[in-house]
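What follows is a short report on a single structure.
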Protein chains: 2
Amino acid sequence: MLQYQAQPLDLAFQALSDPGRRAMVERLSRGPASVSELAEPLPMTLSAVVQHLKILEEAGLVSSRKTGRVRTCTLEIAAMTKVESWIAERKRFWNQQYDQLETYLSENSQEESH
Amino acid sequence: MLQYQAQPLDLAFQALSDPGRRAMVERLSRGPASVSELAEPLPMTLSAVVQHLKILEEAGLVSSRKTGRVRTCTLEIAAMTKVESWIAERKRFWNQQYDQLETYLSENSQEESH
DNA sequence: TTGATACTGTAGCATTGACTTAAGTATTGA
DNA sequence: TCAATACTTAAGTCAATGCTACAGTATCAA
């Protein structure tokens with residue numbers, strides 16, 4: 001780890017790096033679900049799912065609320081957007097320097113061609 | 001791990017989950033760089049950077065080519081887009097069900113209000 | 001040809017991560 | 001009240017990660 005104090009983005013990327021947790025996010029993108037509902041399609045114990053859930057919640061990607069004995073989980077779209085934006089930013093930078101190269105090439109094409 | 005045969009998306013999310021590797025991606029989004037240039041701002045040995053680089057390459061996020069004794073690394077925007085798209089998809093699903101709820105609420109507001 | 005540069009590759013090691021099992025605690029429904 | 005349900009928490013295990021150190025190899029420059 002580069003920084004000892006984990007940044008929000010760190011936690012989010014970290015959380016999404018596990019296929020099981022991404023499966024949970026996929027499920028939650030279709031609507032809220034209970035812990036058992038999240039666990040149902042996954043090849044692991046309820047206990048493991050609860051642990052994954054905690055990681056998703058700490059990353060801000062999921063929030064949950066307990067009513068009676070059922071905990072209902074919801075996807076937090078804002079955290080998803082933050083991750084999306086980080087990537088979009090990198091792409092923007094990359095396209096910028098690519099455009100600059102194209103500009104350079106078109107401006108110097110006559111002089112540079114033999 | 002949920003699946004033994006790692007899917008491309010797995011590798012990409014996995015690769016981006018490390019702050020050091022994300023720093024390398026940030027650097028490469030501003031243009032190609034040599035291994036030493038990538039290593040320069042990072043608080044780790046060249047050896048560690050090479051190992052991170054391998055992970056980024058296996059995830060398809062970075063490509064590199066050696067000329068003489070210098071390896072030049074480039075960001076692969078297509079892989080970045082795949083990650084971005086996965087998140088965009090989840091957001092789309094989430095918005096869909098949210099819209100459906102709103103539609104339901106507005107359609108039933110007269111009957112449901114006391 | 002010789003020393004510096006720019007990696008490359010491997011071994012080892014401490015930590016973290018992804019589980020399971022097992023033993024709880026509230027809630028609910030009969 | 002009492003069993004089933006829906007989690008919750010704590011160990012403990014074992015593999016994967018993120019390093020470092022160290023020993024190369026292949027250029028390049030003088």
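Note that this is a predicted model, so its numbers are computed, not measured. Here is how names work: the chains are called A, B, and so on, in the same order as the sequence lines, proteins then strands, and each is numbered from 1.
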Checklist entry - What is the distance, rounded to the nearest whole Å, between atom CE of A:Met44 and atom P of C:dT21? => result 14 Å
Item to check | Integer-rounded Å distance: C:dA22 P and A:Leu46 CG | outcome: 16 Å
Checklist entry - Is there side-chain contact between B:Thr74 and B:Val62, with heavy atoms separated by less than 4.5 Å? => result no
Checklist entry - Does any donor atom in the side chain of A:Lys91 or B:Ser29 lie under 3.5 Å from an acceptor atom in the other side chain? => result no
Checklist entry - For A:Lys54 and D:dA10, what is the distance between atoms NZ and C1' respectively, to the nearest whole Å? => result 11 Å
Item to check | Side-chain N or O of A:Gln51 closer than 4.0 Å to phosphate OP1/OP2 of D:dT9 | outcome: no
Checklist entry - Between A:Trp86 and B:Glu26, is any side-chain donor less than 3.5 angstrom from a side-chain acceptor? => result yes
Checklist entry - Do B:Arg65 and B:Thr72 have a side chain donor and acceptor closer than 3.5 Å? => result no
Checklist entry - In whole Å, what is the span from the CG atom of A:Leu56 to the C1' atom of C:dA18? => result 13 Å
Item to check | Neighbours of DNA chain D within residues 61-73 of chain A, by heavy-atom distance under 4.0 Å | outcome: A:Lys66, A:Arg69, A:Val70, A:Arg71
Checklist entry - Is there a side-chain polar atom (N or O) of B:Thr45 under 4.0 Å from OP1 or OP2 of D:dT20? => result yes
Checklist entry - Taking side chain as C-beta onward, heavy atoms only, is A:Met44 less than 4.5 Å from A:His52? => result yes
Next on the checklist: So A:Cys73 and A:Leu28, do their side chains get closer than 4.5 Å, heavy atoms only?
Outcome noted: yes
Checklist entry - Would you say the side chains of A:Ser63 and A:Glu57 form a donor-acceptor pair under 3.5 Å? => result no
Checklist entry - Is there a residue in residues 28-37 of chain B whose heavy atoms reach under 4.0 Å of DNA chain C, and which residues are they? => result B:Ser34, B:Val35, B:Ser36
Checklist entry - Nearest heavy-atom pair of B:Met80 and A:Ile87: which atoms, and what distance? => result O-CG2, 3.4 Å
Checklist outcome for this item: Rounded to whole Å, CG of A:Leu11 lies from P of C:dG17 at a distance of 10 Å
Checklist entry - Does B:Arg21 place a side-chain N or O at less than 4.0 Å from the phosphate oxygens OP1/OP2 of D:dG18? => result yes
Checklist entry - For the pair made of CE in A:Met24 and P in D:dC7, what is the distance, rounded to whole Å? => result 11 Å
Checklist entry - Any side-chain N or O of B:His52 less than 4.0 Å from the OP1 or OP2 oxygen of D:dT17? => result no
Next on the checklist: So, applying side-chain hydrogen bond (donor to acceptor under 3.5 Å, both in side chains) with B:Arg71, which one of B:Ser36, B:Ser34, B:Ser64 is it?
Outcome noted: B:Ser64
Checklist entry - To the nearest Å, how far apart are B:Gln14 CD and C:dG17 P? => result 11 Å
Item to check | Base D:dT8 paired with A:Ser47 side chain (donor-acceptor, <3.5 Å) | outcome: no
